Every structure is written in structure tokens, then in C-alpha cells.
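Structure record follows, encoded as C-alpha cells.
Quick caveat: nothing in here was measured; it's all calculated off a predicted structure.
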Amino acid sequence: MQDSRTYQKSLNPGVPIGAFVSWDNRTRVRSGYRILMGGSPWRMIRLDDRSAVFARKIHAAGRLGASVASDWESKAARELMARGFVYPGVATASEKIDKSSPRSADYCVVIPVFERAKQLAELLNLVRIHDGGVAEIIVVDDGSENAAEIAEVATSFGARLVRLPSNQGPGAARNAGAHIASKPFIAFLDSDCMPTAMWVEQLLHYFTDPTVGVVAPRIKTIIEDSSALQRFEVSRSSLDMGCFPDHVKKGGRLSYVPSAALVVRREVMDCINFEESMRVGEDVDFMWRVSEAGWCVNYDPSVFVHHRSRAGLRSWFVRTFEYGTSAALLESRHPDSLAPARLSGWNVGILAGMVFDKKVGALSVAVIASGTLACRLRQLPRPIPTAIQIASYGLMADIEQLGRLLRREWWPIGLLILASVPKSKMGRGGALIMFAPIVADWRLENQRLDPCRYALMRCAQDLAYGSGVITSAVRAQVWRPLQPEVSYPTVIANRVISSVREVGHKLGSSKTFPKFSRFVSKRWASDASSSG
């Protein structure tokens with residue numbers, strides 16, 4: 001088995017010349033493309049004149065993107081892509097499938113299945129209709145009790161069958177199928193999926209870039225009845241990663257893609273496997289390890305795979321709870337990666353002033369934050385309006401994060417806030433932070449439900465997931481998934497440290513506080529060495 005770190009060194013650092021890159025429409029520009037705001041995670045970057053011209057060229061090219069024409073553009077495109085400002089050009093289905101792209105003979109389909117013979121038959125029928133009967137199919141029976149029925153279905157569609165002696169989970173089943181696959185690309189499909197025509201072929205064009213290791217389509221829930229759950233799942237399924245193309249990486253805007261439908265380069269599976277000890281969250285762990293090994297993981301929402309919704313509210317709630325229980329194990333495998341929210345210290349101060357009805361204090365913090373940022377942007381035209389706009393974007397993003405935190409990992413505190421609404425102005429402010437993002441999402445999404453039922457379903461989904469996170473954290477005694485990160489302004493933090501050092505020095509010089517003097521010296525010496 002090849003070591004992923006060794007293979008990483010051989011990857012091409014630039015985007016292939018002739019490839020197309022497209023602009024991310026969520027990116028905002030200022031000062032003639034010299035400032036970009038957006039990316040994954042959200043950030044503000046400055047560009048020199050040459051890079052600004054290249055960024056303008058990509059933005060003007062529209063949906064299909066601009067062609068990379070030189071070595072310099074190749075490396076510049078890779079840098080912008082790594083930061084989430086551009087992504088591989090999105091083409092139509094006919095444009096994606098060209099002579100230079102890998103074809104259907106280059107991939108095999110791996111289907112893990114457990115006790116779903118009827119759904120397996122429907123899935124295999126669709127695969128055979130779409131591929132014309134030429135693709136290699138591997139069905140992995142993950143210890144089903146109806147093994148004979150599974151075998152009969154697999155044989156009738158010409159699929160190879162691998163049977164595991166006991167139920168070992170989806171990760172082990174995918175690994176078993178990948179180990180016997182002989183093609184350079186592997187398409188993983190869960191048995192409750194319903195693929196669309198040519199979905200794999202439309203994703204294979206990404207692999208002309210040798211740095212791309214995994215590509216995922218958008219997974220959309222199909223409506224099988226008119227229940228509120230089905231209609232909610234269509235617009236808010238936990239498997240649906242949204243309508244924007246993106247790059248998948250730990251800490252990014254899109255941190256993972258589900259493994260229900262996935263195309264993986266065989267070389268990736270040769271060095272990185274799904275973690276077989278994880279029953280849930282194994283796809284998150286897999287994506288993070290693939291990204292850490294230097295491979296690109298792409299998400300293309302223009303390619304669809306349909307998915308059946310779980311029948312019944314109870315089954316849906318339990319499954320969402322189980323997703324949350326993966327948090328503690330993921331944190332132990334990837335330390336400091338699962339903070340439930342990452343907030344700005346400035347915005348925490350502003351929100352605290354708003355909630356506690358200290359409007360003057362909130363306004364003062366907002367003015368200081370915008371002024372500090374404007375000073376950093378003073379060399380650019382119109383620094384004050386730009387700083388105010390950036391600060392506003394950050395505040396809105398943190399309000400959304402804080403509201404989600406109070407509905408999910410901190411839902412007991414959220415319930416106390418809601419209980420205090422009739423009597424407390426602070427409670428009403430907290431409730432506004434919790435529910436304003438839900439109302440905004442309802443207006444933006446396909447409104448198949450009225451706002452009341454939509455809000456109830458969102459809260460139930462967040463409650464189930466948050467309960468799973470809390471349960472796993474308590475069982476494993478791992479508290480990081482419950483602790484939000486707050487980044488304090490560097491200028492203020494340095495000033496506070498300097499002031500404390502001065503006070504410590506004055507106190508320590510007195511004969512009355514000799515122990516405090518030694519404590520301060522040791523403490524700041526250790527902090528300085530750790531920060532260095």
C-alpha cells in the first residue's frame with residue numbers, strides 16, 4: 001500500500017493548462033478586484049495588479065469559466081481555487097463528456113447493501129439502463145440475513161458479489177468492494193440511491209486534473225408521498241450539500257460530502273480507506289484524510305443522484321441523532337476540528353450589547369471594529385465603506401452560527417432562552433438570534449412547507465443532531481465539540497497582555513508579593529515560548 005504523504009509530493013501544483021476555472025458567485029469584489037471577500041473559510045485577500053486582472057478575466061467568463069493559458073495563470077488559479085474563490089469550470093453534460101475525459105469503461109460501481117434486496121434490484125436496473133450494460137458492478141453484502149435473495153438479485157444483473165461474514169458497517173463494505181475493483185475510478189453508490197443518466201461520466205472530467213482525488217454529485221431527496229417530512233427533506237436533507245459548487249476541506253465552507261454517491265480515484269483508495277470502526281461519520285473522516293494527504297475533493301451540484309427519504313419521523317430523528325454521535329470520535333481522530341461555532345470577539349461584544357439592551361456599548365464596539373479594519377485598509381480607495389461592509393458580513397455570519405449553536409449543541413440553553421421570552425427582553429433578543437436565520441433560509445429555499453412547520457422541522461433536526469453531539473461528548477469525556485472558538489482582536493489582545501505584564505512586574509517587585517512575581521515570570525515565559 002502506497003503512503004499518501006509520499007504520493008502527495010508528485011502531484012502537479014498548478015491547474016492543468018487549458019483547463020477552465022469558474023468564478024464563485026458568493027465572492028464579492030472591491031477596489032477593481034484588488035480585494036476579494038469570500039472563499040472557504042470566509043476571508044478577505046488582497047491581489048496585486050496582475051492577479052486582479054486575472055480574477056476579472058475569470059469573473060467575466062461566466063458559468064463555463066476562463067481557460068488557463070500559462071504557467072503563471074496555472075499557479076494563480078490553483079491558489080485562488082485552494083482559497084475557495086474559484087472552482088473548476090462547470091460545463092453542460094455534453095461538454096463534460098468529451099474524448100479527453102475517462103469513459104464508462106474506466107470505472108466500476110461498488111454498492112454496499114444490507115437487507116435491501118428490493119431496493120438493490122431497482123438500483124441495479126437503473127445502473128444497467130444508464131450504462132448500457134458495460135460497467136463493472138460489485139455488490140458487497142454486508143452480512144444480510146437474506147443473503148440468498150441478495151445473491152440472486154446481484155447475479156441477475158451480472159454483478160460480482162462479495163459477502164462479508166457479519167455486518168461490519170458501510171466503511172468496511174466499501175473497502176471490500178474497492179479492494180477487488182480493477183478500474184482506475186470507483187463509483188460508490190448506496191442501495192437506497194437512484195442515479196440519473198450518465199452521472200459518473202459527467203464527473204469523470206474532473207479527473208483530468210491529476211490533483212483531484214474525489215468528486216461528489218448533489219444528492220436530492222425524492223418525494224414518495226406528501227408528508228411534511230418528505231417535503232422538508234427535499235429542501236433541507238442532511239445529504240444535500242446545496243446548489244453551489246465547492247471544494248471540500250476541513251474547516252472550509254463545505255467540510256465534507258456524504259459517501260452515499262461518490263466517485264473516487266483508485267490511487268486514493270490504494271493509500272486511504274474508510275475507517276471501518278466508524279458506523280457513522282466515516283465519510284467525514286475519509287474526506288478529511290484525503291484532503292490532508294494533498295488531494296482535491298470537489299463537489300458538483302449540477303450532477304444529481306436521487307435518494308429515498310427515511311420513512312417516518314422517528315426513523316429520521318434517530319438517524320439524525322446518530323449523525324451527531326460521530327462528533328466525539330471525529331474530534332479524537334482530528335483534534336480541534338469540530339468547534340460548533342467560530343466567532344469573532346468583536347461580534348460577540350456587539351451581540352452581547354444587543355441582547356443585554358446596551359445599545360451604546362454595541363454601537364461603540366461596532367465603530368471600533370470598523371475603524372480598526374479601516375486603518376488596515378487605509379492604502380486602498382474608500383477604506384471606511386469597505387470596512388463597514390466587511391464587518392456587516394461577519395456579523396451576519398456570526399449571528400447565523402450563534403443561532404445554530406443555541407438550537408443544536410447548546411439547545412438546553414436555547415430552551416431556557418425561549419422560556420424567558422414572555423418576561424425578558426434578553427430572552428426575546430436571544431430568540432431572534434435563534435430564529436432569524438431560519439426565516440431567512442425559508443425565504444431563500446423552495447417553500448414546500450409553511451414557515452411554522454418548516455421552523456418546527458428545522459428545530460427538530462437541530463435538536464436531534466445536537467443531542468447526539470452532547471451524548472457522544474459526555475460518553476467519551478471529549479468536550480471540544482461543545483466549545484465554540486472566539487478569536488479576539490490581535491491589537492486588543494496584545495495590549496491586554498502588555499498591561500498584565502506591567503501590572504505583574506509592579507506587583508512582583510514588591511516584597512509583599514514575591515510568589516506572584518515568580519508566577520508571572522513563569523507564566524508569560526511559557527506563553528511566549530508556545531506562541532513562538
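Residues Arg28 and Tyr393 bring a donor and an acceptor atom of their side chains to less than 3.5 Å of each other. A donor and an acceptor atom, one from each side chain of Trp288 and Ser337, are nowhere located under 3.5 Å apart. A donor-acceptor pair shorter than 3.5 Å can be found between the side chains of Tyr206 and Asp300. For the residue pair Ser51/Arg34, the side-chain donor-acceptor check at 3.5 Å is not satisfied.
At a threshold of 4.5 Å between non-hydrogen side-chain atoms, the residues Leu363 and Val367 count as touching. For the pair Arg407/Arg458, a side-chain contact is recorded, criterion being any heavy-atom separation below 4.5 Å from C-beta on. Here the side chains of Ile390 and Met37 are in contact, with some heavy-atom distance below 4.5 Å. Within the 4.5 Å cutoff, no side-chain heavy atoms of Phe244 are placed close to those of Leu254. Side chains of Ser259 and Glu282 form a contact here, defined as non-hydrogen atoms less than 4.5 Å apart. At least one side-chain heavy atom of Val214 sits under 4.5 Å from a side-chain heavy atom of Leu262. Side-chain contact between Leu395 and Trp346 is absent, with no heavy-atom pair separated by less than 4.5 Å. Contact annotation: the side chain of Met241 approaches that of Tyr256 to within less than 4.5 Å [non-hydrogen atoms, C-beta and beyond].
For Glu409 (side chain) and Pro481 (main-chain N/O), no donor-acceptor pair under 3.5 Å exists by modelled atom type. For the pair Ser255 (side chain) and Gly252 (backbone), a donor-acceptor distance under 3.5 Å is absent. Looking at Ser237, its side chain never comes within 3.5 Å of a backbone N or O of Val234 through a donor-acceptor pair. A distance-only check finds a donor-acceptor pair linking the side chain of His247 to the backbone of Val86 [under 3.5 Å]. A side-chain donor-acceptor contact under 3.5 Å links Thr320 to the backbone of Trp316. Of the possible polar contacts, one joining the Ser227 side chain to the Gln230 backbone as a donor-acceptor pair under 3.5 Å is found. Between the side chain of Asp398 and the backbone N or O of Ser344 there is at least one donor-acceptor pair closer than 3.5 Å. Of the possible donor and acceptor atoms, one in the side chain of Ser70 sits under 3.5 Å from a partner among the backbone N and O of Glu73. When atom types are taken as modelled, the side chain of Thr208 and the backbone of His205 share a donor-acceptor pair closer than 3.5 angstrom. Judged by distance alone, the side chain of Ser291 and the main-chain N or O of Met287 form no donor-acceptor pair under 3.5 Å.
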Q: Given side-chain hydrogen bond (donor to acceptor under 3.5 Å, both in side chains), test Arg408 with Ser467 step by step and report yes or no.
A: CA-CA 7 Å; Arg408 291 173 64 169; Ser467 298; over 6 Å; no
Q: Check step by step if salt bridge (charged side-chain N to carboxylate O under 4.0 Å, His left out) holds for Arg83 and Glu79.
A: CA-CA 6 Å; Arg83 287 162 174 75; Glu79 290 296 324; 2.5 Å; yes
Q: Could you walk me through whether Ser74 and Asp71 pass the side-chain hydrogen bond (donor to acceptor under 3.5 Å, both in side chains) test, one step at a time?
A: CA-CA 5 Å; Ser74 170; Asp71 290 337; 5.7 Å; no
(Q) Determine whether Arg26 and Asp24 satisfy the following criterion, salt bridge (charged side-chain N to carboxylate O under 4.0 Å, His left out), listing intermediate values before the conclusion. (A) CA-CA 5 Å; Arg26 292 166 290 186; Asp24 189 327; 3.1 Å; yes
Q.
Determine whether Tyr299 and Tyr87 satisfy the following criterion, side-chain contact (heavy atoms from CB on, under 4.5 Å), listing intermediate values before the conclusion.
A. CA-CA 10 Å; Tyr299 169 68; Tyr87 50 82; over 6 Å; no
(Q) Please evaluate residues Arg382 and Arg30 with respect to the criterion side-chain contact (heavy atoms from CB on, under 4.5 Å), reporting the C-alpha separation (whole Å), side-chain torsions for both, the decisive distance (0.1 Å), and the verdict. (A) CA-CA 9 Å; Arg382 305 184 66 204; Arg30 291 291 179 272; over 6 Å; no
Q: Could you check Phe232 against Tyr454 for ring pair (Phe, Tyr, Trp, His ring centres under 6.0 Å), going step by step and ending with a plain yes or no?
A: CA-CA 7 Å; Phe232 176 77; Tyr454 178 84; 5.8 Å; yes
Q | Stepwise side-chain contact (heavy atoms from CB on, under 4.5 Å) test for Met396 and Ile399 | A | CA-CA 5 Å; Met396 292 300 104; Ile399 287 175; 3.7 Å; yes
Q) Checking ring pair (Phe, Tyr, Trp, His ring centres under 6.0 Å) for the pair Phe286/Phe274: CA distance, chi angles, key distance, verdict? A) CA-CA 6 Å; Phe286 177 75; Phe274 288 92; 4.2 Å; yes
**Q.** Criterion side-chain contact (heavy atoms from CB on, under 4.5 Å) on Glu233 and Leu239, from CA distance to verdict
**A.** CA-CA 9 Å; Glu233 281 277 272; Leu239 298 178; over 6 Å; no
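In this structure, CG in Asp283 is found 12.5 Å from CD in Glu275, a value given to the nearest 0.5 Å. Rounded to the nearest 0.5 angstrom, Ser326 OG and Leu330 CG are separated by 4.5 Å. Interatomic distance, Arg236 CZ to Ile438 CD1, rounded to the nearest 0.5 Å: 8.5 Å. Cys459 contributes atom SG, which lies 6.5 Å from atom CG of Leu456 (distance to the nearest 0.5 angstrom). In this structure, OG on Ser235 lies 9.5 Å from CG on Asp441, to the nearest 0.5 angstrom. The distance from atom CZ of Phe188 to atom SG of Cys193, rounded to the nearest 0.5 Å, is 13.0 Å.
Relative orientation of the His59 and Tyr33 rings is perpendicular, given thresholds of 30° and 60° on the angle between their planes.
Nearest approach of Ala374 to Ala387, heavy atoms of both residues: N-CB, 3.6 Å. The two residues Ala473 and Ala328 make their nearest non-hydrogen contact at N-CB, 4.2 Å. Among all heavy-atom pairs drawn from Ile219 and Ala260, the shortest one is CD1-CB, 3.7 Å. When every heavy atom of Pro16 is checked against every heavy atom of Arg78, the shortest pair comes out as CD-NH2, 4.4 Å. Contact record, Val68 with Ala77: CG2-CB, 4.2 Å, taken as the closest heavy-atom pair. Closest non-hydrogen pair, Glu400 versus Pro437, comes out as CA-CG, 3.8 Å.
More than 12 heavy atoms of other residues, nucleotides or ligands sit less than 6.0 Å from atom CG of Leu415. Within 6.0 Å of CZ in Arg319 there are more than 12 heavy atoms belonging to other residues, nucleotides or ligands. Summarising the local packing, CZ of Arg376 is surrounded by 12 or fewer heavy atoms from other residues, nucleotides or ligands at distances under 6.0 Å.
Geometrically, Arg265 does not engage Trp295 in a cation-pi contact, judged by NZ or CZ lying under 6.0 Å from the ring centre and within 45° of the ring axis.
By the salt bridge (charged side-chain N to carboxylate O under 4.0 Å, His left out) test, Asp240 is found to be paired with Arg218, Lys220, residues two or more places apart in sequence or in another chain being considered.
Using a cutoff of 4.0 Å between basic side-chain nitrogens and carboxylate oxygens, Arg404 and Asp462 are not scored as salt-bridged. Lys359 and Asp357 are joined by a salt bridge, as a carboxylate oxygen and a charged side-chain nitrogen come within less than 4.0 angstrom of each other.
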